[in-house]
Student: 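If you scroll down you'll find the structure; I have some questions about it.
Just the heavy atoms: all of them, side chains too, but no hydrogens, waters or symmetry mates, feed the values below. The sequence lines fix the lettering, A, B, ..., with proteins before strands; numbering per chain opens at 1.
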There are 2 protein chains.
Amino acid sequence: MPKRRARTHSSSITSHDIARMTGVSQSTVSRALRGDPHVAAATRERVLQAARELRYVPSDIGRSLSTRLTRRIGMVVTDVANPFYPYLVGPLHDVLDELGYRMVLFAERGEAGALADRLAGQSIDGVVLTTAMLESELARDLHARGLPFVFLNRVAEGVPGDVVTVDNALGASLVGHEVVRRGHTDVAAIFGPLETSTGRDRERGFRVALASAGVQLPEAAVRHGDYHYDTGYEGMLSIMSGTGMRPTAVFCGNDAIAIGALNAARKAGVAVPDEVSIIGFDDIPIADWELIQLTTVHTPASEMAASAGRLLVERIEARPRVLEPRIRIYEPHLVMRRTLADVS
Amino acid sequence: MPKRRARTHSSSITSHDIARMTGVSQSTVSRALRGDPHVAAATRERVLQAARELRYVPSDIGRSLSTRLTRRIGMVVTDVANPFYPYLVGPLHDVLDELGYRMVLFAERGEAGALADRLAGQSIDGVVLTTAMLESELARDLHARGLPFVFLNRVAEGVPGDVVTVDNALGASLVGHEVVRRGHTDVAAIFGPLETSTGRDRERGFRVALASAGVQLPEAAVRHGDYHYDTGYEGMLSIMSGTGMRPTAVFCGNDAIAIGALNAARKAGVAVPDEVSIIGFDDIPIADWELIQLTTVHTPASEMAASAGRLLVERIEARPRVLEPRIRIYEPHLVMRRTLADVS
DNA sequence: TTCTCGCTTGACTACGTATGCAAACCGTGT
DNA sequence: ACACGGTTTGCATACGTAGTCAAGCGAGAA
């Protein structure tokens with residue numbers, strides 16, 4: 001950058017300007033502004049006064065370059081437009097904000113290597129992964145690069161890192177037991193992706209619960225897909241029409257799928273829960289709408305997000321850079337609403 | 001920072017390392033990596049090779065400090081947890097991503113001055129405002145600071161800036177005319193905040209349309225509130241019980257409010273649209289769910305978001321820093337679904 | 001052979017902040 | 001009057017990249 005550039009960009013005020021104005025050195029300005037005790041009260045006052053007058057705002061970039069900290073964390077999601085993710089992103093944003101960190105959004109599309117590179121560009125202190133596949137190349141890359149990260153909701157295998165999640169298998173088994181208790185014997189399911197920890201664990205928990213009660217889950221009545229509305233909508237239509245059987249209960253991998261299924265049932269003129277029960281997982285606020293009233297497994301999304309944020313920041317700010325991986329597993333519980341009924 | 005710090009932080013690879021390794025100067029490395037033609041092909045190859053081997057990733061911070069550009073833009077929303085905002089944030093994120101910019105989330109709570117300061121911390125090239133009040137101190141501050149910004153969806157008054165929105169008054173008048181055409185004479189409304197451009201324009205358009213047809217909108221049947229589900233839910237309950245009248249149609253300031261109203265009607269056992277029609281504004285995907293099927297005004301949210309992103313980036317990268325404010329107003333249209341019927 | 005021109009390359013500096021170290025300053029006790 | 005100790009301040013530098021300027025180099029022309 002040549003010296004003559006001078007004022008091409010909006011001439012922002014720097015600590016040097018304050019120094020010049022108050023007649024002290026730039027170092028003293030820096031110290032005064034950071035509240036360093038080695039500054040005379042009178043000097044500090046003069047500096048603060050000048051800073052206020054000039055509407056001085058310290059440059060994050062200069063600071064970052066010097067401290068190697070950006071006070072920014074990356075949030076990796078599959079798909080920013082998904083209407084279900086604010087329940088996680090919102091609370092996370094708020095904790096981070098309180099802790100003085102800002103959130104940068106990253107969408108994980110295909111090429112994980114490129115994303116890891118971008119995350120490693122130094123402009124981020126840590127990463128929250130909500131989107132991890134069991135075999136997460138991204139997590140491995142982050143680990144290799146020494147960039148702090150935390151898994152929120154989902155987990156990857158074989159990569160040590162902090163984890164915040166619910167006991168997915170337990171939650172699903174609660175559903176399984178309740179379905180059986182209510183007399184259902186013709187059961188179907190639309191699970192999430194097998195490549196995710198939530199997909200795998202929820203499927204396992206549900207299957208184990210049914211098996212322990214001797215109830216069959218015929219493979220013709222099982223669907224898999226990603227955690228979207230459409231998966232539930234199409235899965236439900238295919239279950240209702242495609243298979244010879246008539247399931248009286250359908251367990252869905254999450255609420256988005258369940259709501260898709262609910263809408264498909266309505267579309268097909270099948271009454272819920274009179275003709276078929278539908279159960280979700282997550283307990284997003286929409287599940288409680290009067291028009292939905294979805295029976296589902298409650299997960300404390302806000303607390304989980306907040307917890308993940310705090311773990312990550314702790315790790316970032318930890319004095320000795322190493323820290324044992326910490327695992328926080330929350331307990332889910334079943335919320336009975338109006339989409340699960342006794343079999344008639 | 002003292003010289004002896006050396007390797008306290010994860011020793012990241014810099015362009016100097018590459019220079020040392022290949023035996024050229026750091027400037028040459030920089031040039032080679034940026035594709036500067038004034039570099040011999042052989043040299044470029046050696047540099048790229050070394051960079052690949054060391055898994056070199058340039059430091060965003062160093063680059064930002066040098067170029068004064070961060071390739072980061074701020075997205076200001078009221079409330080990150082709102083499930084309706086992904087429809088705007090998602091597409092916006094995607095365009096920005098294509099253009100090589102990342103998105104940093106900011107929540108606007110109370111103190112606008114503090115937010116303006118944070119945004120001005122140099123670590124952002126521009127700002128998208130979706131949350132602006134008509135009297136936006138934030139917009140004024142940004143303008144004063146010379147930080148590029150664009151209004152998306154809402155607008156502030158008296159601050160020159162790029163604007164992307166729909167013709168809100170027109171959209172609302174479409175609803176008004178259709179309601180009248182279908183024979184409704186007892187009409188109510190739950191509008192958004194008067195302090196927002198959308199709130200004001202949608203209210204105005206609706207009132208004008210009714211008035212032109214000689215239909216009254218009694219003040220006892222009008223509510224105002226923010227653009228949330230709860231506003232619609234409670235507003236609807238209060239309209240149904242509180243006023244002596246029995247409206248046959250209720251216009252809502254946006255889909256979130258309309259869906260709240262829809263759920264309140266169901267809760268109160270009032271049939272939609274047989275006993276009361278409900279109309280929204282925005283046409284978010286949820287409006288098309290089989291269980292909702294909300295009649296509403298369609299706004300091209302994705303295109304608007306994409307357009308806003310492009311305008312902002314153009315402004316950031318514009319050669320002469322000044323640029324006339326550009327205004328893009330999209331045309332809305334009414335989407336008939338199942339919550340608006342002829343009066344019986 | 002020498003000069004010139006163009007292509008490559010290196011040295012150097014700006015960018016804004018934080019901080020170790022050294023120097024300056026002040027007051028107190030002898 | 002001087003030495004000593006503590007407080008306050010300034011100097012110098014690191015951080016990583018981009019880009020200006022000037023120098024080095026080699027090839028072709030005269």
Student: List the residues meeting side chain to side chain contact (heavy atoms under 4.5 Å, CB included) with B:Pro37, not counting sequence neighbours, and say none if there are none.
Tutor: none
Student: Partners of B:Leu99 by side chain to side chain contact (heavy atoms under 4.5 Å, CB included), sequence neighbours excluded?
Tutor: B:Val95, B:Tyr101, B:Arg310, B:Val313
Student: For residues 18-38 of chain A, which residue pairs qualify under salt bridge (Lys or Arg N to Asp or Glu O under 4.0 Å), counting only residues two or more places apart or in two chains?
Tutor: A:Asp17-A:Arg20
Student: Would you tell me if any nitrogen or oxygen in the side chain of B:Ser59 comes within less than 4.0 Å of OP1 or OP2 on D:dG16?
Tutor: no
Student: Salt bridge (Lys or Arg N to Asp or Glu O under 4.0 Å): which pairs involve residues 77-105 of chain A, sequence neighbours left out?
Tutor: A:Asp60-A:Arg102, A:Asp94-B:Arg109, A:Asp97-B:Arg109, A:Asp97-B:Arg118
Student: Quick one: is C:dG16 close enough that its OP1 or OP2 comes under 4.0 Å of any side-chain N or O from B:Arg68?
Tutor: yes
Student: Please give, in whole Å, the distance from C:dG16 P to A:Asp60 CG?
Tutor: 13 Å
Student: Which heavy atom of B:Leu129 sits nearest to which heavy atom of B:Ala139, and what is that distance?
Tutor: CD1-CB, 4.1 Å
Student: Determine which pairs satisfy salt bridge (Lys or Arg N to Asp or Glu O under 4.0 Å) with at least one residue from residues 38-54 of chain A, sequence neighbours left out, and list them in order.
Tutor: none
Student: Rounded to whole angstroms, how far apart are CD1 on B:Ile18 and P on C:dT9?
Tutor: 16 Å
Student: Can you sort out the partners of B:Ser25 under side chain to side chain contact (heavy atoms under 4.5 Å, CB included), two or more places apart, ordered by chain and number?
Tutor: B:Ser27, B:Thr28
Student: May I have the distance from A:Asp36 (atom CG) to C:dT17 (atom P), rounded to whole angstrom?
Tutor: 16 Å
Student: In residues 26-33 of chain A, which ones come under 4.0 Å of DNA chain C, going by heavy atoms?
Tutor: A:Gln26, A:Ser27, A:Ser30, A:Arg31
Student: On DNA chain D, nearest-nucleotide positions of A:Thr43 versus B:Ser15: which is more 5'?
Tutor: A:Thr43
Student: Which heavy atom of A:Tyr330 sits nearest to which heavy atom of A:Met304, and what is that distance?
Tutor: CD1-CG, 3.6 Å
Student: Taking the minimum atom-to-atom distance to the side chain of B:Arg34, which one of C:dG10, D:dG19, C:dG16 wins?
Tutor: D:dG19
Student: Looking only at side-chain atoms of B:Ser66, point me to the closest of D:dT17, C:dG10, C:dT17.
Tutor: D:dT17
Student: Check the distance between C:dC15's P and A:His16's NE2 and give it to me in whole angstrom.
Tutor: 9 Å
Student: Looking at A:Tyr56, I'd like to know whether one of its side-chain N or O atoms comes within less than 4.0 Å of OP1 or OP2 on C:dG16.
Tutor: no
Student: Donor-acceptor pairs are to be reported for all side-chain atoms of residues 150-159 of chain B against protein atoms at under 3.5 Å, with residues two or more places apart or in another chain.
Tutor:
from	atom 1	to	atom 2	distance (Å)
B:Arg154	NH1	B:Thr131	O	3.3
B:Glu157	OE2	B:Arg200	NH1	2.8

Student: Measure CZ/B:Arg71 against P/D:dT17 and give the value in whole Å, please.
Tutor: 16 Å
Student: Got a sec, which residues hit side chain to side chain donor-acceptor pair (under 3.5 Å) with A:Ser15, two or more places apart in sequence or on another chain?
Tutor: A:Gln26
Student: I need the CZ-P distance between A:Arg63 and D:dA14, as an integer number of Å.
Tutor: 22 Å
Student: Quick one: does A:Asp162's side chain get under 4.5 Å of A:Glu314's, heavy atoms only?
Tutor: no
Student: Can you measure B:Arg46 atom CZ to C:dT8 atom P for me and round it to whole angstrom units?
Tutor: 14 Å
Student: In degrees, rounded to 10°, what is the bend between the two ends of the helix from C:dT1-D:dA30 to C:dT30-D:dA1, using five pairs at each?
Tutor: 70°
Student: What is the distance, to the nearest angstrom, from the CG atom on A:Leu65 to the P atom on C:dT17?
Tutor: 11 Å
Student: Name all pairs fulfilling the ring-ring contact (aromatic ring centres under 6.0 Å, His included) condition that reach into residues 52-100 of chain B, sequence neighbours left out, sorted by first residue then second.
Tutor: none
Student: Set out, line by line, the N/O atom pairs under 3.5 Å between protein and nucleotides 4-7 of chain C.
Tutor:
none

